[in-house]
Amino acid sequence: MKELDKKYDPSLMEDRIYEKWMKMGYFHADEKSLKKAFSISMPPPNVTGQLHMGHALDNTLQDTLCRYKRMKGYEVLWQPGTDHAAIATEVKVINKLKSEGKDKNELGREGFLKEAWAWKEEYESRIINQMHKLGVSADWDRLRFTMDEGCSAAVEKVFIDLYNKGLIYKGNRIINWCPVCKTSISDAEVEHEDQASFFWHIKYPVAGEEGRALEVATTRPETMFGDTAVAVNPEDDRYKDLIGKTVILPLLNKEIPIVGDEHADMEFGTGCVKITPAHDPNDFEVGKRHGLEEICILHDDATIDLPGTKYDGLDRYECRKLVVKDLEEGGYLVKTVPHTHSVDTHDRCHTTVEPMIKPQWFVKMDVHAEHCRHALASGELKFVPENYSKTYMNWVDNIKDWCISRQLWWGHRIPAWYCDSCGKVHVGHAAPESCECGCTSFTQDPDTLDTWFSSALWPFSTLGWPEETETLKKFYPNDVLVTGYDIIFFWVIRMVFSGYEQTGKSPFDTVLIHGLVRDALGRKMSKSLGNGIDPLAVIEQYGADALRAALLTGNAPGNDMRFTDDKVINARNFANKIWNATRFIMMNVESAGEDVRKLFSSGYGKVPEEIRLEKEDRWILCLLNDLVDNVTRNMDTFELGVALDNVMSFLWNELCDWYIEMIKARLKSDDRDTKAAALWTLNTVLVNGLKLLHPFMPFITEEIYVNLTDEESIMISSYPEYTESWNFRDDAAQVEGLKEAVRAIRSIRSEKNVPPSKKVSVYVVSTDEKVRNSFEAASAVFASLTQASEVLVQQDKTGIDPNAVNVVTSNAAIYIPLSELVDMGEELARLKKEEKRLEGELARSRGMLSNEKFISKAPAAKIEEEKAKLATYEEMMRKVREQISALS
RNA sequence: GGGUUCGUAGCUCAGCUGGGAUGAGCGUUCGCUUGACGUGCGAGAGGUCGUGGGUUCGAGCCCCGCCGGACCCACCA
């Protein structure tokens, strides 16, 4: 046994401990192990950023589960890795190049990718170091990256496979285009932002009908150059005679047809809709139904593409101003109405996206959606908390084909090759020898795949798939996936259908959902608000253990949480408490000598023959045993916050506040047996308490454990198992009675302002011999906990000052002769108050028991419980009334 | 428009399959140099569980309505 520093200072130990764990290889998972497997794939953080509170929470949850399972005897694989984060990284690298005066296009594809890889190396190692600080026990030997060789091979195989099955197709479709990033983005990457703007009402004159015009309203007047029709509802009496005729498109003086289409809502606006198939998803559909021309009027950077006009080359918003001005001058503008509407923006750069028609690659979703439904219906996939399966199904039921091509360089290049002469597409690992047309020259598709295409394969691509590796066999499917609810659509759904499609299985059994970490005011942490809290700063100040505990306490699965300093400070104070309790124990063990200490190695659930336990020893062992049961149950149902609360309150409130105080006298005594039993119990309870705490607070528990036990590490120690042999119910109940009495006396002393220095006699009266015996046995403890000069246990009130203060507990009556301090009127009032409280309890209890329906319908155990309570309260009432009549 | 979720102590939140709100932390009041710890110890005050119904022997928990907040999706020509 070594000594602990006088002061608890996490910064002095955490790095050292982590290095030791790494060196010992405790995080490594052995695919050849015969132990039962437990596996989690870490949601790969982007190589763009740094650890934020969301990561800290996500990884703390995973780490806690993994450490628990390891101690429980599982072979645990926590598979770590990072994500290439296509757009995010590409944008950051471009910006970095810009700041160095370089340009993406000048560098060329190869040169740019070199820069991007260098970026990746730097940021990957940075974020991994940050996870080390948090205590993440992932198997770093198996670190993967979404664009490494194996993952890339998996991506290519899946693409080719889906293409061959007809589940991937290429088509000209309307997609979301980001004019700044110059790439298509999926629906999921689009955010909606409310913006104040206008509704411009414009007249389109009907051709050949002098004086008649259709009035349309638009928020994007510049798109009128792409109009190829005006739609009215076919049921609309106002306009249905015009269907089939044409209107003159102002400014361009072009005739376009009037079509009848359901899309036009008679109730909304004027009931007439301009149709711009190339720049609006709804209009695109209308265009398809009516065979309308699709005229693209925008360049990729959102400047106007209208050669031969004065509008050509203008920025979209410049053009808008000019169009409005020209319409007004031409007498076409009817009115301008202020209007707030939601604008689609790119979630990465917040640029307003433009719907554009582009040739893109899509994944068909119908078959895949079926996989997702099956996963839940079959029970092969479960959500914790369960209600998130509704969110999941809501997504599944509304899913649309997934646009997977991106006009980026940083990513997995699409394995499609176009014949240079006939243009035919060939999908495969490499270009074919020759095309059917005889041509032997091909060009690869320049596009890359959506980041989530590779993330979707993460649970198996990281384990060696498509090879049937030992690792894959041992650890796939994963047991748990831990992630936030905001990512169910992006990631969870795509992993699920990919898992079924490629491996025939759900990629994981349980999805543990957590919420967002918000700031103290409940706001989302964001760069723009500048309200983010840096986990590393918190670790530096309070330690990783405190941060982890703060993230887990008082938080139920799936719920958002507020992060406040209070929580971290409380967690740090707890750590300090445990630290000092350990120092106290060590100090006493040291002085007790080697012959006591050698008894300490016994396993859980056994008491060495030489040890003679006393009541309070059995009480705390019984509580510990219940704790093991509770914590295990809560860990297994993913109630980590509850489990941690249980451990903390046991160690702090029961072990430190009660047990240690109870045995202080025994530790000072010369009786070798009683001292040995107390020390043995202390050590046993602390060591096992630390084990229960370790998954949550790994560093301090390791430091204490190795110093206390001289063993190698708590990480590889075995988890306590609940045992019947430590169910000392009877002793536990007696000590609880004792505690109740102590609290009652302290309460009286405090109420009467009796200073601790004043020692008074305490009489305990009970007619129950067993109760008397237990108080008798504990009289020394009892006296020290209540600052009593003596404790007299007796069966009646003989010799007690009739004016003594009296409190009634559930198994005894306590008398404290304090007559000189007591105002009899006050005392009577206090007793009356107690009488009233008991009356309430009795009424409740009797009411229940006299209710015939309760007696006939409630479970028998519940009835018995209530009867016992009633008996206790009746007895208490009897004593209180006796005292009242004695005083009156 | 579709869906989800919340409303419990001054604040932030727990409350397990319905069985006494002896719930936690912080804050607050009073007291304590108790030799492990003031990052501590002891004792208090503080709640008609948003609201109105219903089901039940019994509702913070289940069902319906309402009020008030949050979020997601779709739409907004």
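The structure displayed is predicted, hence computed values, not measured ones. Numbered from 1 within each chain, the chains take letters A, B, ... in sequence-line order.
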Is there a side-chain contact between [X] and the phosphate of [N], meaning an N or O under 4.0 Å from OP1 or OP2?
X	N	result
A/His263	B/A77	no
A/Trp652	B/U39	no
A/His192	B/C72	no
A/Asn559	B/A14	yes
A/Thr553	B/C13	no
A/Asn573	B/G40	yes
A/Lys668	B/G35	no

Problem set entry | Complementary nucleotide of B/G1, counting Watson-Crick and G-U pairs under 3.5 Å |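 Partner of B/G1: B/C73.
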
Problem set entry | Base paired to B/G65 (Watson-Crick or G-U; both N/O distances under 3.5 angstrom) |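 In the structure as shown, B/G65 has B/U51 as its Watson-Crick or wobble partner.
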
Looking at every strand, decide which applies to [X] at a 4.0 Å heavy-atom threshold: base, sugar-phosphate, or nothing.
X	answer
A/Ala217	sugar-phosphate
A/Asp645	nothing
A/Pro859	base
A/Arg844	base
A/Tyr873	base
A/Arg749	nothing
A/Asn282	sugar-phosphate
A/Tyr8	nothing
A/Lys577	base
A/Asn398	nothing
A/Trp658	nothing
A/Ile660	base
A/Trp579	nothing

Rounded distance (Å) that lies between atom [atom2] of [N] and atom [atom1] of [X]:
X	N	atom1	atom2	result
A/Glu736	B/U22	CD	P	16 Å
A/Arg572	B/C26	CZ	C1'	14 Å
A/Lys400	B/C73	NZ	P	12 Å
A/Asp397	B/C72	CG	C1'	15 Å
A/Glu590	B/A36	CD	P	15 Å
A/Asp344	B/C73	CG	C1'	13 Å
A/Glu751	B/C30	CD	P	16 Å
A/Leu785	B/C41	CG	P	15 Å

Exercise. What integer number of Å spans the P atoms of B/G10 and B/C63?
Worked result: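 Between the two P atoms, the distance is 28 Å.
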
For this session: Pick the P atom in B/G15 and in B/G7, then give their distance to the nearest Å.
Result: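 The answer is 10 Å between these two P atoms.
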
Problem set entry | A/Cys272: which of A/Val232, A/Asp236, A/Val247, A/Asn233 passes side-chain contact (heavy atoms from CB on, under 4.5 Å) |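 Answer to the side-chain contact (heavy atoms from CB on, under 4.5 Å) test with A/Cys272 among A/Val232, A/Asp236, A/Val247, A/Asn233: A/Val232.
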
Problem set entry | Qualifying residue for side-chain contact (heavy atoms from CB on, under 4.5 Å) with A/Glu193, from A/Thr345, A/Thr352, A/Asp344 |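 The single option meeting the side-chain contact (heavy atoms from CB on, under 4.5 Å) with A/Glu193 is A/Thr345.
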
Problem set entry | A/Lys869/A/Glu866 under salt bridge (charged side-chain N to carboxylate O under 4.0 Å, His left out): CA gap, chis, key distance, verdict | CA-CA 5 Å; A/Lys869 282 179 193 167; A/Glu866 206 50 47; 3.7 Å; yes

Heavy-atom check, side chain of [X] versus side chain of [Y], under 4.5 Å:
X	Y	answer
A/Trp200	A/Arg320	yes
A/Lys382	A/Glu386	no
A/Leu682	A/Leu655	yes

Problem set entry | A/Lys274 bridged to A/Asp283 by N-O distance under 4.0 Å |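 The answer is no: the pair does not qualify as a salt bridge.
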
Exercise. If you find the nucleotide of RNA chain B closest to A/Lys6 and the one closest to A/Ser750, which residue's nucleotide is nearer the 5' end?
Worked result: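 The answer here is A/Lys6.
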
Exercise. Quick one: on RNA chain B, does A/Asn387 or A/Gly269 contact a more 5' nucleotide (nearest heavy atom)?
Worked result: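 The residue closer to the strand's 5' end, by nearest nucleotide, is A/Asn387.
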
For this session: Classify the side chain of A/Lys7 and the base of B/U39 as holding, or not holding, a donor-acceptor pair under 3.5 Å.
Result: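 Side chain to base: pair found, below 3.5 Å.
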
Problem set entry | Distance-only polar pair, side chains of A/Tyr8 and A/Asn573, donor-acceptor under 3.5 Å |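 No, A/Asn573 and A/Tyr8 have no side-chain donor paired with an acceptor closer than 3.5 Å.
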
